[in-house]
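Okay, so here's the structure we're looking at.
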Amino acid sequence: MAAPHLSGVAALVKSLHPDWSAAAIKSAIMTTSDDKDRQGRFIQDQQRGSASFYAMGAGHVNPSKAVDPGLIYDLDIDDYIAYICGKYGDAGAKAILRGRSIKCETVKNLTEAQLNYPTITLTPRNATHTVSRTVTNVGSTNSSYQVKVNVPDTVFLTVEPQILKFTKVNEKKSFTVSAKWKGRPVYSVEGKLRWISDKHVVRSPIVISDRQV
């Protein structure tokens with residue numbers, strides 16, 4: 001029953017923000033979701049352990065927060081074309097982008113990890129892995145967000161810059177996230193990145209894995 005519930009929430013967000021893209025609406029729902037239940041406990045899986053992001057997604061949807069997320073991670077058609085070209089080349093782009101002529105050699109390719117999703121996956125292996133993200137201010141005209149990151153002690157993770165300051169609505173700011181194993185790489189660990197202002201908490205799941213994305 002998750003699909004009809006989320007469809008209703010997406011319709012609610014769209015009704016209040018008719019100019020938002022599907023990616024922006026998805027971002028608003030994900031970054032404002034709850035990772036704890038009403039008793040303040042982390043959401044559990046079917047074995048009553050703490051649910052991983054692979055089990056629960058970003059968290060439990062919170063419609064009242066989704067309509068006012070503060071920041072959004074957006075994507076447009078050019079981002080998807082860059083991903084398709086990097087993944088499938090000219091033949092794949094021709095098959096998927098029907099009716100549109102694209103030459104992939106003229107497009108800067110994007111990997112899955114570099115797509116501007118609200119979730120972040122890093123695969124540092126034996127070296128530092130860095131990805132970039134861009135957020136758009138859809139909250140207060142003048143606002144400042146401080147980053148807070150929670151990751152296991154097995155990972156060294158940095159975010160630059162650590163403060164994002166906005167002076168107008170729809171202003172965009174970019175940041176980078178870098179991760180490196182402190183010791184021997186492990187299969188997969190999870191954490192979260194939060195941009196926090198006086199009014200909003202914009203939470204992104206982080207997965208650090210030894211598998212290439």
Summary of ring pair (Phe, Tyr, Trp, His ring centres under 6.0 Å) pairs that have at least one residue in residues 9-30, sequence neighbours excluded: His17-Trp20
Using a 3.5 Å distance criterion without hydrogens, assess whether the side chain of Asn137 forms a donor-acceptor pair with backbone atoms of Ser140. yes
Would you call the rings of Tyr145 and His200 parallel, tilted or perpendicular, taking 30° and 60° as the class edges? parallel
Do [X] and [Y] land in one hydrophobic cluster if side-chain heavy atoms of ILVMFWY residues count as linked below 4.5 Å?
X: Met30; Y: Val61; result: no
X: Val201; Y: Tyr73; result: no
X: Leu122; Y: Phe156; result: no
X: Val147; Y: Ile120; result: yes
X: Ile196; Y: Leu157; result: no

When you measure from the centre of the six-membered ring of Tyr117, is the NZ or CZ of Lys26 closer than 6.0 Å and no more than 45° off the axis? yes
Regarding [X] and [Y], do their side chains bring together a donor and an acceptor under 3.5 Å, going by distance alone?
X: Asn109; Y: Thr111; result: no
X: Thr123; Y: Ser209; result: no
X: Ser21; Y: Asp74; result: yes
X: Ser144; Y: Lys165; result: no

Flag side-chain contact, heavy atom, 4.5 Å: Lys14 against Ile25: yes
